[in-house]
Amino acid sequence: MLFALVDCNNFYCSCEKVFYPALEGKPVVVLSNNDGCIIARSEEAKQAGIKMGVPVFEIEELIDRHNVHVFSTNYALYGDFSQRVMSTLAELVPDMEIYSIDEAFLDVSFKKPEELEAFGRTIRETVMKHTGIPVSIGIAATKTLAKTANHLAKSNDQYQGVLYLKDDKNSEEMLSETAVKEVWGVGEKYEAFFKKAGILSALDLKQADPNRIREHLGIVGQRLVLELNGTVCYPLNDNPDVKKEICTSRSFGHPIETYEELEQATTTYAGKVATKLRREKSLANSMLVFVMTNKYARGPQYVNYKIVKFPGPTNQTAALIHYAVIALKALYKKGFKYKKSGIIVSDVIPQSGQQTGLWDETQKPKNTRLTEVIDRINEQEGIDTVKFAIQGTDESWKMRQHNLSPHYTTRWEDLLIVDLDKLGKK
DNA sequence: TCTGGGGTCCTAGGACCC
DNA sequence: TCTGGGGTCCTAGGACCC
């Protein structure tokens with residue numbers, strides 16, 4: 001088995017650049033929801049010393065000094081680019097697993113070893129040609145090794161974006177250059193443990209005794225060692241299961257104090273969760289509702305959650321709103337400045353094979369047909385064209401997005417217009 | 001003034017059963 | 001000094017990922 005990990009470089013920033021070529025060579029960053037933190041950086045922004053995850057207000061000076069272009073997160077744009085990249089990849093290999101919005105594992109076992117490097121370059125060029133997105137590729141015998149190869153391919157110019165770990169000697173060389181923290185699956189806690197045990201490089205970890213690692217870190221740690229040694233513990237999953245949990249939560253644009261506003265926001269999230277459930281063709285059996293104040297602010301703090309079990313599985317907006325309100329009424333306490341709330345549904349099961357309507361009034365055909373009509377209208381006319389009254393129309397709590405780019409590929413009004421006269425003069 | 005959001009897997013411990 | 005043994009299911013929390 002041979003895996004190729006294809007990873008888009010600075011994905012969100014690269015998406016912003018595609019329709020804004022003047023940004024080429026300039027520092028660019030993309031912010032989290034509510035324009036809070038840095039979640040993506042172009043190479044130039046990294047060189048300017050901007051770190052991942054820092055709150056933007058802490059580095060305003062840096063942004064000014066380097067004239068950094070700042071974008072609010074434009075998920076519609078990135079999601080659409082992701083689909084374009086993934087469908088391009090799907091045409092090049094017999095089998096693949098979409099691992100995240102900007103990464104995929106490809107099965108490249110069908111290629112001869114001597115063809116692999118060239119094939120990697122073909123993949124890069126094709127994705128660039130079809131989508132304008134640059135990618136890096138790591139090829140190796142396990143996912144963990146492919147990840148490591150990818151990391152080197154990206155960070156080391158000499159590989160020009162493609163690195164294939166042909167044999168053990170080759171991969172040991174690479175692993176000795178890689179800090180253990182960079183290994184896929186090693187987080188803060190594991191790194192601290194490894195440091196104490198004298199395991200500093202990825203090679204140290206490869207050569208560690210898997211049984212000893214297992215004693216301390218369990219099977220997850222043992223698999224790390226095995227995968228680095230070329231034993232596949234994580235096979236290609238080309239048929240991902242339906243989601244087991246679905247969540248919608250947001251920080252508010254401003255602190256909320258009244259119950260009514262909190263209810264508008266939270267029932268809006270309940271509606272989003274219901275839509276996601278229906279898109280997955282799934283039903284949920286229970287819901288967790290949480291509210292919290294701003295942990296960074298001074299003043300009284302309150303964090304709480306409530307779990308509601310449904311009488312029968314459902315994906316109906318009206319039902320989810322109903323139960324969210326019950327939970328919220330129990331949770332709400334006067335006198336706090338709420339910063340964030342959210343809905344998580346769990347115990348999610350596929351809709352197919354379910355005899356809907358047997359247990360629960362809400363899943364009866366009469367109700368689901370109404371929902372289908374609403375879904376269709378909202379799909380054609382835009383999100384929340386039709387919504388429930390309790391979700392409100394005020395929306396002053398909505399997140400801030402001061403630097404949002406156009407929805408170039410998903411909204412007619414935002415289509416780019418090309419001026420042929422101007423082009424002709426060039 | 002301002003600090004993201006959405007997931008998965010594994011484990012330990014409690015409840016319960018015979 | 002002694003206090004059974006073996007199993008399943010569920011859940012909360014930890015760790016990690018992008």
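Throughout, a chain's letter reflects where its sequence line sits, starting with A, and its residues are numbered from 1.
With a 3.5 Å ceiling on both atom-pair distances, the Watson-Crick or G-U wobble partner of B:dC18 is C:dG5.
Phosphate contact (OP1/OP2 of B:dT3, side-chain N/O of A:Lys340, threshold under 4.0 Å): absent. Distances shown here put a side-chain N or O of A:Lys244 below 4.0 Å from the OP1 or OP2 atom of B:dC9. Between B:dG6 and A:Ser249, a contact under 4.0 Å exists linking OP1 or OP2 to a side-chain N or O. Contact between the side-chain N/O atoms of A:Lys272 and the OP1/OP2 oxygens of B:dG6 is not found at any separation under 4.0 Å.
The residue A:Asn33 sits close only to the backbone: its heavy atoms come under 4.0 Å of sugar-phosphate atoms, none of a base. Using a 4.0 Å heavy-atom distance criterion, A:Ile219 is classed as a sugar-phosphate-only contact. The residue A:Val56 sits apart from the nucleic acid: no heavy atom pair falls under 4.0 Å.
Positionally, the nearest nucleotide of DNA chain B for A:Ser32 lies more toward the 5' end than for the other of A:Ser32 and A:Gly218. Both A:Lys276 and A:Glu60 lie near DNA chain B, and the one whose nearest nucleotide falls closer to the 5' end is A:Glu60.
Ion pairing between a basic and an acidic side chain is recognised when a charged N comes within 4.0 Å of a carboxylate O; A:Asp168 and A:Lys206 show such pairing. Checked for salt-bridge contact, A:Glu61 and A:Arg65 meet the test: a charged N lies under 4.0 Å from a carboxylate O. For the pair A:Lys46 and A:Glu43, the salt-bridge criterion is met [side-chain N within less than 4.0 Å of a carboxylate O].
Between the NZ atom of A:Lys143 and the C1' atom of B:dT8 there is a distance of 12 Å, given to the nearest Å. Per the geometry, CZ belonging to A:Arg298 stands 15 Å off P belonging to B:dT3, to the nearest Å. Atom OH of A:Tyr296 is separated from atom C1' of B:dG4 by 9 Å (rounded to the nearest Å). Atom CZ in A:Arg279 sits about 14 Å away from atom C1' in B:dG6, given to the nearest Å. Regarding A:Met399, its CE atom lies at a distance of 23 Å from the P atom of B:dT1, rounded to whole Å. When rounded to the nearest whole Å, the span between CG of A:Leu5 and C1' of C:dC17 equals 13 Å.
You'll find the side chain of A:Cys247 stays beyond 4.5 Å of the side chain of A:Ile343, heavy atoms only. Residues A:Phe388 and A:Thr267 are not in side-chain contact: their nearest non-hydrogen atoms beyond the backbone lie 4.5 Å or more apart.
Nearest nucleotide to the side chain of A:Arg250, out of B:dT3, C:dC18, B:dG5: B:dG5. Closest to the A:Asn294 side chain, of the nucleotides B:dG4, C:dC18, B:dT3, is B:dT3. Comparing C:dA12, B:dG7, C:dA15 against the side chain of A:Ile307 picks out C:dA12 as the nearest. The A:Tyr305 side chain lies nearest to C:dG13 when the options are C:dG13, C:dC18, C:dC16. In this structure, of B:dC10, B:dT3, C:dC16, it is B:dT3 that holds the atom nearest to the side chain of A:Pro55. In this structure, of C:dA15, B:dC10, B:dT3, it is B:dC10 that holds the atom nearest to the side chain of A:Arg223. The side chain of A:Glu103 sits closest to C:dC18 out of C:dC18, B:dT3, B:dT8. For A:Cys247, the side-chain atoms get nearest to B:dG6 when compared with the rest of B:dG6, B:dC2, C:dC18. For A:Phe57, the listed nucleotide lying nearest its side chain is B:dT3; candidates were B:dT3, C:dC18, B:dG7.
In this structure, a donor-acceptor pair under 3.5 Å is present between the side chains of A:Thr144 and A:Glu227.
Only the C1' atoms considered, B:dG4 is 15 Å distant from C:dC17, to the nearest whole Å.
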